[in-house]
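Right, one structure below, let's go through it.
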Amino acid sequence: MGQSVRDSNCIFCKILEKKIPATIVSEGSDHIAIRDVSPQAPSHILVIPSDHIADIREFKQSEALGKLFQTATSIAKLEQLESFRLVVNTGAEAGQTVFHLHIHLLAGRAMQWPPG
Ligand code: 5GP
Ligand code: ZN
């Protein structure tokens, strides 16, 4: 098993390395899932790949990307979320604030469409 790619200035890398605390929902060799510190829905979980990848455009391994979405979906099932929304903000204008790829798993309230 190889070493994960990390960026020492990245908040999610620090969480992956347990240098700053987070409420962990699930953890594996390829990801960590944590509760968002500023939840935008009753359930708001972030599914974060172990390797530091700035955003989805930089993710070159389609199999690993598919697995990350499967992980998010499995967590939704484990958390007994009947309806949920998976969101990947990409670029600052789209609302990305942490430049380490992550999937938002949002659930527990009615969602608006189109999203803001
Ligand atoms: P983005 O805006 O990049 O799509 O999402 C980043 C998310 O990370 C935001 O929803 C924000 O609340 C969350 N976040 C930022 N810093 C921390 C932190 O230190 N801990 C946790 N659990 N979530 C964080
Ligand atoms: Zn990172």
Side-chain angles (χ1 to χ4, degrees):
M1 214 166 66
Q3 283 272 315
S4 295
V5 178
R6 296 277 156 80
D7 175 339
S8 56
N9 295 313
C10 169
I11 194 140
F12 288 171
C13 284
K14 287 178 189 162
I15 287 172
L16 280 154
E17 293 192 342
K18 312 285 162 56
K19 286 181 177 154
I20 60 169
T23 305
I24 298 171
V25 176
S26 130
E27 196 174 11
S29 59
D30 56 353
H31 81 283
I32 193 168
I34 60 171
R35 300 213 181 267
D36 198 294
V37 78
S38 172
Q40 301 302 309
S43 286
H44 188 172
I45 293 165
L46 303 170
V47 184
I48 303 167
S50 300
D51 282 328
H52 181 88
I53 297 161
D55 66 41
I56 198 166
R57 294 170 293 202
E58 301 295 320
F59 210 139
K60 306 300 183 199
Q61 299 161 280
S62 56
E63 204 175 309
L65 184 57
K67 196 161 175 238
L68 197 67
F69 273 90
Q70 281 180 333
T71 298
T73 305
S74 303
I75 293 168
K77 191 171 184 188
L78 285 170
E79 297 271 310
Q80 298 181 300
L81 305 173
E82 292 265 325
S83 289
F84 57 89
R85 188 173 282 182
L86 301 180
V87 175
V88 181
N89 295 326
T90 306
E93 201 178 354
Q96 186 174 8
T97 58
V98 177
F99 292 86
H100 179 140
L101 174 66
H102 50 283
I103 303 172
H104 293 262
L105 167 58
L106 294 147
R109 63 167 171 79
M111 301 282 168
Q112 304 299 311
W113 193 262

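Keep in mind the model is a prediction, meaning the values are calculated, not measured. No hydrogens, no waters, no symmetry mates; every other heavy atom, side chains included, goes into these values. Along the sequence shown, the residues carry numbers beginning at 1. Both ligands and their constituent atoms are indexed starting at 1 by order of listing.
- Summary: ND1 is the N/O/S atom of H100 found nearest to the Zn ion (ligand 2).
- Using modelled atom types, one side-chain atom of R6 and one backbone atom of S50 make a donor-acceptor pair closer than 3.5 Å.
- Residue contact annotation: G95 has a non-hydrogen atom under 4.0 Å from ligand 1.
- Against a heavy-atom cut-off of under 4.0 Å, S38 is close to the following atoms of ligand 1: 12 (O).
- Residue I11 has at least one heavy-atom neighbour below 4.0 Å for each of these atoms of ligand 1: 19 (O).
- When I45, L46, L105, T23 are each tested for a side-chain contact (heavy atoms from CB on, under 4.5 Å) with D36, only one passes: L46.
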Q) Between H100 and L16, does a side-chain contact (heavy atoms from CB on, under 4.5 Å) hold up when you go through it step by step? A) CA-CA 11 Å; H100 179 140; L16 280 154; 3.7 Å; yes
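- Counting just the N/O/S atoms of H52, the one with the shortest distance to the Zn ion (ligand 2) is named ND1.
- Within ligand 1, the atoms closer than 4.0 Å to a non-hydrogen atom of I34 are 21 (C), 22 (N), numbered from 1 in the order shown.
- Distances from atom 10 (O) of ligand 1 to the heavy atoms of D36, I20, T23 show the closest one on D36.
- The shortest heavy-atom distance from H102 to ligand 1 is under 4.0 Å.
- Ligand 1 is never approached by F99 to a heavy-atom distance shorter than 4.0 Å.
- Atoms of ligand 1 found under 4.0 Å from any heavy atom of N89 (numbered from 1 in listed order, with element): 4 (O).
- Between H102 and H104, the ring center distance clears the sub-6.0 Å criterion.
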Q) Does the side chain to side chain donor-acceptor pair (under 3.5 Å) test come out yes or no for H31 and S26, once each step is laid out? A) CA-CA 8 Å; H31 81 283; S26 130; 2.7 Å; yes
